[in-house]
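Please read the structure below before turning to the comments.
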Number of protein chains: 2
Amino acid sequence: MSSKPSKRAATCYDVARRAGVSQSSVSRSFRPGCVISPKMRDRVLSAAAELGYHPNALAQSLTTRRSNLVAILISTVTNRTYPEMLSALTDRLSQHGMRALLFTSESNLVPADALEQIWRFKVDGAIAIARLSDEQVLQFNDHGVPLVLYNRISDIGTVGSVCCDSVRGEGLLVDGLLAAGHRRFGVIAGLEHSHVGDERLRATLDRLDAAGLPAIAVKRGGYDYASGREAFDALLAEAGQLDAVVCANDLMAIGAIDAAREQGLNVPGDLSVVGFDGVGPAEWASYRLSTIRQPVERMVNSAVTMLLDRVEDPDQPAERRLFMGEFIRGASARL
Amino acid sequence: MSSKPSKRAATCYDVARRAGVSQSSVSRSFRPGCVISPKMRDRVLSAAAELGYHPNALAQSLTTRRSNLVAILISTVTNRTYPEMLSALTDRLSQHGMRALLFTSESNLVPADALEQIWRFKVDGAIAIARLSDEQVLQFNDHGVPLVLYNRISDIGTVGSVCCDSVRGEGLLVDGLLAAGHRRFGVIAGLEHSHVGDERLRATLDRLDAAGLPAIAVKRGGYDYASGREAFDALLAEAGQLDAVVCANDLMAIGAIDAAREQGLNVPGDLSVVGFDGVGPAEWASYRLSTIRQPVERMVNSAVTMLLDRVEDPDQPAERRLFMGEFIRGASARL
DNA sequence: CTGTTAGCGCTTTCAC
DNA sequence: GTGAAAGCGCTAACAG
């Protein structure tokens, strides 16, 4: 069972010889939905087991032109901020017989050499949870690699995308705050050129404008705890007293809450803070964040299905799916 | 530049024809450290650029017997608990020209079909941050796939491992607590059969025994926030008053702190809580956890280097590297 | 249902 | 320094 002489791995020819059949029969025995007699398959399978044979997926890819590989592009900050994503995604992909080739980028932008590797590995498709330039998106088109964007969109090329509705999400939050009597609003936005950042900011500002209560001050952060704190302090310095702070994501909201408390403010007594995402820590008793929870499972399913559809039929039109987040009342805002 | 007729991707033959050279010259032009005249290379490279040619990594793997693929096995809970790991790992691997093939497992154990895929894709090596049975570890040996374990060890087969020293880490924490006068200790341990869980628990209990102050009560949790809370409540119910609670990881410590506060206890005034890992939230102002921070960067570097060494020379002896964590005083314990 | 024959896109000898 | 030929492990027609 163990300690093989460490020779080269068995090939389908070895198995064929051992089983006394043709090499194609070996191939067929391992391919689902292939015409083959049970007897033959048994013979092959037991010979294969004896030799410890496993079909070479790389060689298969070469002939079938299907690598069963999907590139996942994710920025470090996103993975740290939102770890539930990756697992769900990988899990889902493997349920569809696809493997995840992971590319992380320290910076928010995807480096060119990651793309080069993607072309080289002939992935069947890609899912991006990181910032792609227009030119990069176009490259996916040129290379014939179906691409699905997660929580971001693109007007360039034929890209699918799956997003959580920022407009309606922020709408729920802001309306709730307005209805509860908040008047002086501050905003902690995300990074510039970040889809989610821009959209959530705009949605918030628009809603406030529509209510005749424009935001008193806006600061930007980098989606992490520390930048939430800094942004909050800057906000307070600029605006003085505030009733509510609308944050582009949960981690910054948490940072803002901690910063507020250090200033002696009671949340939500003196100040309401709302976030966005519904990540794990948002539920912790110290924060009980009022936020919008993204339907991760459903969004991931959708992204994977959409991608695989386009792998099967590359001519499918681009599609954008928008998911409504769940309003979590929490306890960080007077609602 | 864009909108190719979506024909088949260019091969090295296409490039050769276009450049009017032999196909081997194309191959050589793309392989570093190959004897070739600059003139030839230029010709080839520009023909390649015109055709949008990218060497097929899968075909390369077939002939070179090197896939440049490294399997990463990680459990969902670990990724959520400790997201800094994966990014660092993938990053490091790519710096060495390796790609990460990601496998996540919902359960703590690695499913058999993940291993099957690993064999099929002929990965050059694997890094496991998930629980592997002895038998599974042996399989890596049999298949000639170098394996490095992260924060876990195995006596089976020739496996390398990189760990953060639990014994010394817990030693620092417990000694600190003892020196500060804590006498009644509770412990929130990790899962059974989890290397880190077992080791940290034993280290803690041994240290307490040695001091003549055995733990009053021990509960187990699942490394997440919720189980930390539950374990804390159970602990209190069983032990009554405690001076200190030693938790197997940060997330459970955070859960314990929140639970304690809900019971009206002041942390660290009435009760000290310590964790282990030094993950992001541990630093948050609401917790300021006293903990041991794992040197993630160094550990990851080490794991990658160790793995690649064994890829180059499979006969290298197994090696275990133990890293000392950094003692973070924090403010969740009277120290 | 099974075997035969060509490739898939590349690297690797080995001549030249 | 360059080219020709063989082969990596497999699938995909096509006969039979």
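Treat the numbers as computed from the prediction; the structure is a model and nothing was measured. Each chain gets a letter, A, B and so on, in the order the sequences are listed, and its residues count up from 1.
- Side chain of A/Ser29 to backbone of A/Ser25: a donor-acceptor contact under 3.5 angstrom is found.
- Checked against side-chain contact (heavy atoms from CB on, under 4.5 Å), A/Ala19 has the following partners two or more places apart in sequence or in another chain: A/Val21, A/Ala47.
- Scanning residues 37-49 of chain B for heavy-atom distances under 4.0 Å to DNA chain D yields B/Ser37, B/Met40.
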Could you tabulate the donor-acceptor pairs under 3.5 Å formed by side-chain atoms of residues 311-318 of chain B, not counting sequence neighbours?
| from | atom 1 | to | atom 2 | distance (Å) |
| --- | --- | --- | --- | --- |
| B/Glu312 | OE2 | B/Arg66 | NH2 | 3.1 |
| B/Asp313 | OD1 | B/Asp315 | N | 3.0 |

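- Using a distance-only test at 3.5 Å, with no hydrogens or angles considered, a donor-acceptor pair links the side chain of B/Asn151 to the main chain of B/Cys164.
- For A/Leu109, the side-chain contact (heavy atoms from CB on, under 4.5 Å) test picks out A/Ser107, A/Arg131, with sequence neighbours left out.
- Identified under the salt bridge (Lys or Arg N to Asp or Glu O under 4.0 Å) test for residues 87-108 of chain A, with sequence neighbours left out: none.
- Applying the salt bridge (Lys or Arg N to Asp or Glu O under 4.0 Å) test to pairs two or more places apart or on separate chains, none has a residue in residues 26-49 of chain A.
- Here the range on DNA chain C touched by chain B, meaning any atom under 4.0 Å from one of its heavy atoms, is C/dG9 to C/dT12.
- For the side-chain contact (heavy atoms from CB on, under 4.5 Å) test, residues two or more places apart in sequence or in another chain that qualify with A/Glu84 are A/Tyr82, A/Val279, B/Arg80.
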Per-nucleotide pairing state of DNA chain C [Watson-Crick or G-U, under 3.5 Å; [ ] pseudoknot-crossing; | other strand]
||||||||||||||||

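- Between A/Phe121 atom CZ and A/Ser67 atom OG the span is 10.0 Å, to the nearest 0.5 Å.
- Within the structure, ring pair (Phe, Tyr, Trp, His ring centres under 6.0 Å) pairs that include any residue of residues 15-52 of chain B comprise B/Phe30-B/Tyr53 (at least two apart or interchain).
- Remark: side-chain polar atoms of A/Asn56 are paired, donor with acceptor, to backbone N or O of A/Ala59 under 3.5 angstrom.
- In this structure, the ring pair (Phe, Tyr, Trp, His ring centres under 6.0 Å) partners of A/Phe140, at least two apart in sequence or on a different chain, are A/Trp119.
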Base, backbone or nothing for each nucleotide of nucleotides 6-16 of chain D, written B, S, -, heavy atoms under 4.0 angstrom, 5' to 3'?
-BBBBBBB---

